[in-house]
Every structure is written in structure tokens, then in C-alpha cells.
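Below, each value reflects all heavy atoms present in this structure, side chains not excepted, and no hydrogens, waters or symmetry copies. Residue indices begin at 1 and follow the sequence shown.
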Amino acid sequence: MQEAKRSGGAPAAGGGTDAGTEKPRRRQARGERRIAQLLDAAANVFCTTGYTAASTNSIAREAGVSPGTLYQFFPNKEAIAIELGDQLLRRWRETYGQAFLPVHTSLPLAELLDAVLDPLIEFNQANPAFAVLMQGSDIPGHARLQHEKLNTGLVERTEEILAGYLPDAPPAEVARTANTIFAIFKAGLGLILTHEGAERDAYTKELKTVLHRYLSPLVGEAGC
């Protein structure tokens, strides 16, 4: 009987351990979903009102939770902006990598522009809070500095691609062309993001046309 009791008690002990580990996992999963919900709400509020005018109350309201729930995960608006900015920067780095794959350098100019520009434009369309957090002078944390470094890297990668098309061009000329391309891209992206639907598509086409006409005489047959 004693042996039976011992064998009967073992599953209960084992079941308790499984349940004990499962509960923290469920709590962690719920916490991660709540954080994602709050960050999505913050992105919407920052885009609607701007960072300065946004408040934790407005973010909680957008998320459909109480301010007390928000404070369980973030102490203030600044902490939310920093976390959101870091997440967006990670996604931007991934997009940057997709846009500047080495295989793209062998493409004709029109196809190269599609391969490089489309992922960058699509990212900014899908993440409008990115521009708000990366360009605002009052944004906390290091997000803007990291964004500036990424932009510098984008220009440098453009220089590398241009150098492949223009092997005899002086480095200063290549750098000047890369900076001009980046300036055109930023201006065109601003127009694209302020329009919707067919007009947005039309401005995307215009940006590619401008860059193609600018680069075509420079790269010659190599980019046609």
C-alpha cells in the first residue's frame, strides 16, 4: 500500500512542475502581446498628434487599456518611444539589407532602381511612425543618432554601387553623385508618403524616372 501511494503521488508532483513552468510562459506571452499592443497604439498616436503632443493617457486609450496597465510595462512616454524606435531601427536594418543585396549590382539600371527603392519605400509606407521618431528634434534616446548612421551607411553603399558602374570616376565625384541620389530619394519619399492610392504609385514612378534620367547619362551602357 505504501508503494502504491508513492507511485500514485509521483504524477501529481510531475504535473505540478509542468503547470508551474507553463504559467510563467503564458504570463510572458501575454506580456509580450500587451507590449506589442501598446507599441502599435503609440505608433498611431505619434503619427496622429506628433510626439510632443502625445501622452501616456492617449496611448492607453488608443490601445484600449487603462493607464495603470500601461504603467505596468512602461514608466513614461519616453520609454515607449525608445522601445518603439529601437524596434523600427531593427526592421529598417533588415530592409536595408534586402535592398542592397550584392546580386542587385549586376542588374540594369531600371531593375536596380526597382530592387533598391521598392523595399525602402514599402518600409516607410508600412511604418509611418519611423519618420516621426527618427526626424523629431525632441525624441529621446539614441534613435536619431542611429538613424543618421544608417543614412550614412546607405550613402556609402550607394557610392560602392556607383563605383562599380563608374570605375574611372574620381572618388569625390562618386561621393557627390551618391549624396545627390540620396537627397532626391528623401525628397521623393516625402511626396510619396503624403499621397495615397494611385497618386502614391504615380509619385513612386516619378521618383524612379527622375533617378533614371539623372543616372543614365552617367552610367551609360553599363546601366541600360
Side-chain angles (χ1 to χ4, degrees), residues 11-99 118-151 153-154 186 189-197 199-201 203-204:
T17 301
D18 291 342
T21 56
E22 191 63 28
K23 287 180 181 178
R25 288 175 189 161
R26 288 199 296 268
R27 285 196 295 269
Q28 181 180 8
R30 285 197 298 269
E32 290 173 354
R33 288 195 297 270
R34 182 68 78 192
I35 289 172
Q37 178 186 4
L38 290 167
L39 293 178
D40 286 344
N44 291 337
V45 172
F46 292 155
C47 289
T48 302
T49 68
Y51 174 78
T52 302
S55 66
T56 52
N57 284 344
S58 62
I59 294 171
R61 186 164 53 250
E62 177 73 17
V65 302
S66 68
T69 298
L70 181 149
Y71 289 128
Q72 291 178 16
F73 299 95
F74 297 103
N76 49 44
K77 178 179 71 172
E78 289 76 12
I80 298 174
I82 290 170
E83 177 63 25
L84 179 60
D86 286 346
Q87 285 196 11
L88 290 173
L89 280 170
R90 286 194 295 272
R91 295 176 199 166
W92 176 249
R93 290 189 185 96
E94 294 171 1
T95 302
Y96 174 93
Q98 295 169 6
D118 286 347
L120 302 180
I121 293 171
E122 287 169 8
F123 173 87
N124 281 275
Q125 290 175 345
N127 300 280
F130 184 68
V132 176
L133 289 176
M134 298 304 133
Q135 298 174 9
S137 59
D138 54 350
I139 303 301
H142 64 291
R144 284 193 303 114
L145 293 176
Q146 292 299 316
H147 183 237
E148 290 171 5
K149 289 181 181 178
L150 285 173
N151 283 346
L154 194 153
K186 287 204 321 184
L189 181 63
L191 286 170
I192 291 167
L193 296 179
T194 55
H195 291 82
E196 299 288 342
E199 276 299 291
R200 174 171 284 185
D201 294 339
Y203 275 104
T204 299

Open item on the list: What I want to check is whether the side chains of E83 and Q87 have a donor and an acceptor closer together than 3.5 Å.
Closed with: yes

Task: Side-chain H-bond candidate by donor/acceptor type, R33 with Q37, under 3.5 Å - done: no

Side-chain touch [X]/[Y], heavy atoms, less than 4.5 angstrom:
X: F74; Y: L39; value: yes
X: M134; Y: L89; value: yes
X: I80; Y: L38; value: no
X: L150; Y: Y96; value: no
X: L120; Y: L189; value: no
X: R34; Y: V65; value: yes
X: R200; Y: Q125; value: yes
X: I59; Y: F46; value: yes

Minimal non-hydrogen separation, [X] against [Y], with atom names:
X: L84; Y: A129; answer: CD2-CB, 4.5 Å
X: C47; Y: P128; answer: SG-C, 3.5 Å
X: N57; Y: P67; answer: OD1-CG, 3.4 Å
X: V45; Y: A54; answer: CG1-CB, 3.6 Å
X: A60; Y: L70; answer: N-CD1, 3.9 Å
X: Y51; Y: K77; answer: O-NZ, 2.9 Å

Distance in Å, [X] [atom1] paired with [Y] [atom2], rounded so as to fall on 0.5 Å steps:
X: N124; Y: K186; atom1: CG; atom2: NZ; answer: 11.5 Å
X: I82; Y: L133; atom1: CD1; atom2: CG; answer: 10.5 Å
X: T204; Y: H195; atom1: OG1; atom2: NE2; answer: 11.0 Å

TODO: Measure the acute angle between the ring planes of F130 and F123, then classify it against the limits of 30° and 60° as parallel, tilted or perpendicular.
DONE: perpendicular

